[in-house]
Amino acid sequence: MALSTLSRSEQKRLQIIAAATQLFMIQGFPNTSMDQIAKQAGVSKQTVYSHFKDKNNLFVETITAHCSSSSLRKEQFKAEQSIEENLLRLISSFIELVFSPEALRVYDTCVAHKEDYPELGLLFFDAAPKVVLQQVEECIRCMSEQGLLVVDNPQFATLQLLGMAQGDWKMRHALGQAKLDERPPAAYLQDCVTRFIKGYS
């Protein structure tokens with residue numbers, strides 16, 4: 001939606017989220033204040049608090065906004081596509097989201113500050129991974145109901161598929177042993193889909 005079609009209040013809300021996202025990514029959560037966010041967004045501190053009750057709430061909104069822009073949040077089972085096409089589309093969207101620079105930095109922030117800010121991990125999980133897992137699980141459940149797969153536990157199947165798709169790339173990113181744009185290649189994802197279908201046929 002173009003900014004020109006939004007109300008002034010909605011435009012300011014988006015400005016605040018954009019400013020907060022940039023500062024959280026560059027400075028980290030602990031080193032970013034609401035004053036800095038207000039200045040970066042070009043609004044008053046009062047305006048920031050009128051939209052977001054605290055920094056934790058704003059942190060969640062930056063994650064939600066990023067996830068909402070991902071196609072994975074809108075993914076559904078598509079009957080006109082083959083089971084292979086559906087699964088490959090799903091995990092490709094998942095990898096695109098999880099290995100985006102923003103997602104990797106937020107994950108690193110939560111891990112780095114899990115002792116001082118333990119609530120960050122829960123906020124992040126509820127705002128992003130939990131929603132993604134539910135979305136993929138629903139798609140797999142639909143495939144099973146259509147008789148395309150034989151899945152008695154869609155939740156387990158979801159964890160198996162997405163865990164296999166990530167391979168060791170996520171761990172290597174967390175350990176600083178992977179380039180920022182390094183992620184599972186298409187051939188690997190295709191192989192994951194093939195093995196998943198074989199296991200649940």
Side-chain angles (χ1 to χ4, degrees), residues 1-76 78 89-139 162 166 170 173-174 176 178-183:
M1 183 180 293
L3 286 177
S4 59
T5 64
L6 300 175
S7 68
R8 186 173 180 181
S9 176
E10 290 170 327
Q11 288 182 34
K12 287 187 176 181
R13 180 184 176 83
L14 290 180
Q15 288 173 220
I16 294 167
I17 290 176
T21 299
Q22 183 178 17
L23 290 174
F24 285 147
M25 294 305 102
I26 296 174
Q27 301 180 172
F29 180 84
N31 299 323
T32 299
S33 68
M34 295 294 260
D35 282 319
Q36 292 173 324
I37 292 170
K39 183 177 180 180
Q40 179 80 5
V43 301
S44 67
K45 186 176 179 180
Q46 182 180 0
T47 298
V48 175
Y49 278 108
S50 70
H51 286 279
F52 307 98
K53 64 179 182 180
D54 55 33
K55 192 167 70 166
N56 283 358
N57 180 250
L58 182 48
F59 180 73
V60 170
E61 286 297 323
T62 64
I63 297 169
T64 303
H66 177 62
C67 289
S68 295
S69 67
S70 166
S71 60
L72 189 57
R73 288 293 291 266
K74 310 172 188 68
E75 290 284 21
Q76 295 182 353
K78 297 182 179 179
R89 174 172 46 79
L90 273 178
I91 64 171
S92 295
S93 295
F94 170 73
I95 292 300
E96 181 181 348
L97 173 63
V98 169
F99 287 90
S100 67
E102 295 82 3
L104 289 171
R105 290 192 183 110
V106 169
Y107 179 81
D108 289 344
T109 294
C110 292
V111 173
H113 302 292
K114 64 181 180 181
E115 300 295 337
D116 298 326
Y117 298 90
E119 71 276 11
L120 283 187
L122 179 61
L123 291 171
F124 171 63
F125 182 79
D126 285 345
K130 184 178 180 179
V131 176
V132 168
L133 288 169
Q134 290 172 341
Q135 187 68 21
V136 176
E137 181 181 333
E138 180 58 31
C139 289
L162 299 186
Q166 290 184 84
K170 186 66 179 292
H173 271 286
K179 297 178 181 178
L180 187 59
D181 60 350
E182 193 173 342
R183 60 186 62 187

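Taking every heavy atom of both residues into account, M25 and E102 meet most closely at SD-O, 3.7 Å. Among all heavy-atom pairs drawn from D126 and K130, the shortest one is OD1-CD, 3.6 Å. Summarising the geometry of H51 relative to N57, their closest heavy-atom pair is O-OD1, 4.4 Å, with the distance given to 0.1 Å. Here the shortest heavy-atom pairing between F124 and C110 reads CB-SG, 3.6 Å. Contact record, I16 with V48: CD1-CA, 3.8 Å, taken as the closest heavy-atom pair. In this structure, A127 and V131 approach most closely via the heavy-atom pair O-CG2, 3.9 Å.
The neighbour count for K55 NZ, taken as heavy atoms of other residues, nucleotides or ligands under 6.0 Å away, is above 12.
Note that OG1 of T109 is 10.0 Å distant from CG of N31, once rounded to the nearest 0.5 Å. Interatomic distance, OG of S9 versus NZ of K12, reported as 8.0 Å (0.5 Å rounding). The structure places NE2 of H113 at 10.0 Å from CG of D108, a figure rounded to the nearest 0.5 Å. Taken from CZ in F29 to CG in L23, the straight-line distance is 12.5 Å, to the nearest 0.5 Å. Here CD1 of I26 is found 7.0 Å from CD of Q40. Values are rounded to the nearest 0.5 Å. Taken from OG1 in T32 to CD in Q22, the straight-line distance is 10.5 Å, to the nearest 0.5 Å.
With a 4.5 Å cut-off on side-chain heavy atoms, F24 and V106 do not count as touching. Annotation: side chain of L104 is not in contact with side chain of P101 (no heavy-atom distance under 4.5 Å). In this structure the side chain of Q166 reaches within 4.5 angstrom of the side chain of F94, judged on heavy atoms. Put simply, the side chain of E138 does not reach to within 4.5 Å of the side chain of Q134, judged on heavy atoms. The side-chain heavy atoms of E137 and L162, taken from C-beta on, include no pair separated by under 4.5 Å. Between L123 and I63 there is no side-chain heavy-atom pair separated by less than 4.5 Å. A heavy-atom distance below 4.5 Å is found between the side chains of L58 and M34. Side-chain contact between Y107 and V98 is absent, with no heavy-atom pair separated by less than 4.5 Å.
When the salt bridge (charged side-chain N to carboxylate O under 4.0 Å, His left out) test is applied to K45, the partners found at least two apart in sequence or on another chain are D35.
Panel note: side chain H173, backbone R183; no donor-acceptor pair is recorded below 3.5 Å. Panel note: side chain S92, backbone R89; no donor-acceptor pair is recorded below 3.5 Å.
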message: Does S50 form a side chain to side chain contact (heavy atoms under 4.5 Å, CB included) with T47? I'd like the steps, not just the answer.
response: CA-CA 5 Å; S50 70; T47 298; 4.3 Å; yes
field: Working for side chain to side chain contact (heavy atoms under 4.5 Å, CB included), residues V60 and N56
entry: CA-CA 6 Å; V60 170; N56 283 358; 5.8 Å; no
- request: Would you please test R13 and F52 for side chain to side chain contact (heavy atoms under 4.5 Å, CB included) and show each step?
  value: CA-CA 9 Å; R13 180 184 176 83; F52 307 98; 3.6 Å; yes
